[in-house]
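Working notes, beginning with the structure itself.
Throughout, a chain's letter reflects where its sequence line sits, starting with A, and its residues are numbered from 1.
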Protein chains: 2
Amino acid sequence: MTATTVHQPTHREALWELEDAFERGDLITIFGRCTVEYDGRAASSLDPGRRLLILKPDGTALVHTDENQKPVNWQPPGSEHHAAVRDGRLRVRSVRSSPDETLDVRFETVEQLSAMAVSGRRDLSVTGSEADLRNALLDRPALIEPGFEPLATERPTDAGPIDLFGRDSDGRPVVVELKRRRVGPSAASQLQRYVAAIEREEGDAAAVRGILVAPSVTDRARRLLAEHGLEFVAVEPPSDGSVAVSTATDNDADVVDDDTDDDTAASSTAESAGEGSN
Amino acid sequence: MTATTVHQPTHREALWELEDAFERGDLITIFGRCTVEYDGRAASSLDPGRRLLILKPDGTALVHTDENQKPVNWQPPGSEHHAAVRDGRLRVRSVRSSPDETLDVRFETVEQLSAMAVSGRRDLSVTGSEADLRNALLDRPALIEPGFEPLATERPTDAGPIDLFGRDSDGRPVVVELKRRRVGPSAASQLQRYVAAIEREEGDAAAVRGILVAPSVTDRARRLLAEHGLEFVAVEPPSDGSVAVSTATDNDADVVDDDTDDDTAASSTAESAGEGSN
DNA sequence: GCCTAGGTCCCGTAG
DNA sequence: CTACGGGGCCTAGGC
């Protein structure tokens, strides 16, 4: 048996199980009615309610409710989990330093406590990152502009590292900022900041070009780019490592449907089951 | 009993439990050996391993391993959970559209499946946000500068909304950007962008001041501020709603220790239990 | 739906 | 340790 579970344990029984699970380095889930207090970089308080607490052997603590992807309260990896019975409650406290932070979960009742041996996240491979976009553009620099010659990636400047630096066919320095998704004002500012840094370096103002390469751009960002004489090149979002230019805002994505449901099946829709939020 | 659990169920048994739990709108945890495939905004693949899958009634799906705060794979709220038995495996698929995304978790074996009724995150109160800092400064605008007069918050401009806008004792427009923590280059760019927008509005270049208000600033950000004639005012990080100015980089935080462990207790340290990461 | 910015952002990487 | 920027960021608030 690789997963041990106790139902409606006494607080003392729960504490014993916690001790053993801490010792084994298990991932622990506790479900019950609890309050949550956090104090550290900010501070928060949560009234009694039924929630799921997850304790990881790396020091992570997560308090989840029935909605949202993010835990309602948490503690980062590297924290220390402590458990005790105080005032008739099971108290789980997760603490870390620098910064000093404490998460306090106090259970009135523990409905269930489980401990299980979980394996790490080996062999996760992701595609479609900004790095993939960069590599695709290094393979075919003409996608940015005919004659563009890449010289460096992550080129350091006084304002931070430039995604892609090179020269155009006229020999002018070109700062390229890559984004894997639609960009807003902050990306325009970022590019402008790098261009200004290179201009300061080169000492030859107004000769440095800046190109923002992304799937698309908001109106406001486009205006900000124009105000600073910066350019925009649209590329399809990186899917399988390849990229394509798109002259305007015309998107045509081929979707392959590989669904073949012909067996017993269950399904849950946010609208059909449970009380939908919003 | 508000939490139902089955241990080492057959896939068919697990499917029945899932159907019931979907119907009830429960929060579901499944622990077992599985593969994970994701395709959507990006794509990823995860080799077989023992992991914890969490399914929320709002459509959220989370795959957790033994380390890190973030799930190794996930699906956002609003997705639809589907379960089926295929090829001798329990397949849980979470799908959403716009953007089209699919998360596929295939269990070789299910060690445990639990379903529980969890309550929402009512009554979460947080303090120490940027909004708290803003309110404190509105109460005592002199903390920014003697004679500073706040005129608007979230004031719209062509470059985006300004945190705090006002005038100094000389009647000059002042753009204030607030940050709850130490700031880097991006905050300097953000402030610069807003100042430029106001200067364009006012038509009277160089008369607009920009002040970055934060606990501290990195060297590089400080230089970027100086290059654009922008200013920095240090405030203590917002703790209990009050703020204090600090003339330089001298931090003195009083820490109250309220720990009183005198009962049975268990504790887990990332270094002592389990295989520590890094 | 899109846009904009905050976040106890988390996280990896480089210095 | 700090710094810097990416992220399938997520989430809230406007429009």
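A straight line from CD of Glu130(A) to P of dG6(D) spans 5 Å, rounded to a whole angstrom. Distance, Asp58(B) CG to dA12(D) P: 11 Å, rounded to whole Å. dG7(D) atom C1' lies 8 Å from atom CZ of Arg180(A), rounded to whole Å. Remark: P of dC9(D) and NZ of Lys179(A) are 11 Å apart, rounded to the nearest angstrom. Going from atom CD of Glu101(B) over to atom P of dG7(D) covers 15 Å, rounded to whole Å. Look at CD on Glu177(A): it is 9 Å from C1' on dG5(D), rounded to the nearest Å. Regarding Leu191(B), its CG atom lies at a distance of 13 Å from the P atom of dA5(C), rounded to whole Å. If you take NE2 of His64(A) and C1' of dC10(D), they are 12 Å apart, rounded to a whole angstrom.
With the 3.5 Å cutoff on both pairing distances, Watson-Crick and G-U pairs in DNA chain D assemble into runs of at least 3 at C:1-7 with D:9-15, C:9-15 with D:1-7.
Considering only side-chain N and O atoms, Tyr194(A) lies under 4.0 angstrom from the phosphate OP1 or OP2 of dG5(D). When the side-chain nitrogen and oxygen atoms of Arg41(A) are compared with OP1 and OP2 of dC10(C), one or more of them lie within a distance under 4.0 Å. Applying the 4.0 Å criterion to OP1 and OP2 of dC1(D), one finds that Ser98(A) has a side-chain N or O inside that range. Remark: Gln190(B) is in phosphate contact with dG6(C), judged by side-chain N or O atoms under 4.0 Å from OP1 or OP2. Distances shorter than 4.0 Å separate none of the side-chain N or O atoms of Lys70(B) from OP1 or OP2 on dG7(D). Proximity of Arg181(B) to the phosphate of dC9(C): a side-chain N or O atom is located under 4.0 Å from OP1 or OP2. A close approach under 4.0 Å does not occur between any side-chain nitrogen or oxygen of Trp74(B) and OP1 or OP2 of dC9(D). Within the 4.0 Å cut-off from OP1 or OP2 of dC4(D), at least one side-chain nitrogen or oxygen of Thr218(B) is found. For the OP1/OP2 pair of dG5(D) and a distance below 4.0 Å, the side-chain nitrogens and oxygens of Arg193(A) include at least one atom meeting the criterion. Using a 4.0 Å cut-off, some side-chain N or O of Arg182(B) falls inside it from OP1 or OP2 of dA3(D).
Side-chain atoms of Arg193(B) do not come within 3.5 Å of backbone N or O of Ser189(A) as any donor-acceptor pair. Side-chain atoms of Thr157(B) come within 3.5 Å of backbone atoms of Gly160(B) as a donor-acceptor pair (strictly under, hydrogens ignored). At distances below 3.5 Å, at least one donor-acceptor pair connects side-chain atoms of Asp58(A) with backbone N or O atoms of Asn68(B). For the pair Gln75(B) (side chain) and Ser94(B) (backbone), a donor-acceptor distance under 3.5 Å is present. A donor-acceptor pair is defined here as one N or O able to donate and one able to accept, closer than 3.5 Å; such a pair exists between the side chain of His81(B) and the backbone of Thr60(B). Looking only at distances, no side-chain donor or acceptor of Arg220(B) sits under 3.5 Å from a matching main-chain atom of Pro185(B).
On the P atoms, dT4(C) is 22 Å away from dG8(D), given to the nearest whole Å. Taking the C1' atoms as reference points, dC10(D) lies 14 Å from dG6(D), given to the whole Å. On the C1' atoms, dG6(C) is 14 Å away from dC10(C), given to the nearest whole Å.
A salt bridge between Arg96(A) and Glu101(A) is present, with a side-chain N of the basic residue lying under 4.0 Å from a carboxylate O of the acidic one. A salt bridge does not link Asp66(A) with Lys56(B): every distance from a Lys NZ or Arg NE/NH1/NH2 to an Asp or Glu carboxylate oxygen is 4.0 Å or more.
The base of dT8(C) has none of its N or O atoms less than 3.5 Å from a complementary donor or acceptor on the side chain of Asp39(A).
A residue-by-residue look at Asn73(B) and Val217(B) shows that Val217(B) has its nearest nucleotide of DNA chain D further toward the 5' end. A residue-by-residue look at Ala221(B) and Pro76(B) shows that Ala221(B) has its nearest nucleotide of DNA chain D further toward the 5' end. When each of Arg223(A) and Leu124(B) is assigned the nucleotide of DNA chain C with its nearest heavy atom, Arg223(A) is the one assigned upstream, toward the 5' end. Annotation: of the two residues near DNA chain C, Leu178(B) and Pro99(B), the 5′-most nearest-nucleotide partner is Pro99(B).
Within 4.0 Å of Ala159(A), counting heavy atoms only, lie sugar-phosphate atoms of the nucleic acid but no base atom. Counting any heavy atom pair closer than 4.0 Å across all strands shown, Gly160(B) reaches sugar-phosphate atoms only and no base atom.
Nearest to the side chain of Pro185(B), among dC10(D), dC11(C), dC4(D), sits dC4(D).
Asn73(A) pairs with exactly one of Val63(A), Leu62(A), Asp104(A) by the side chain to side chain contact (heavy atoms under 4.5 Å, CB included) rule, that one being Val63(A).
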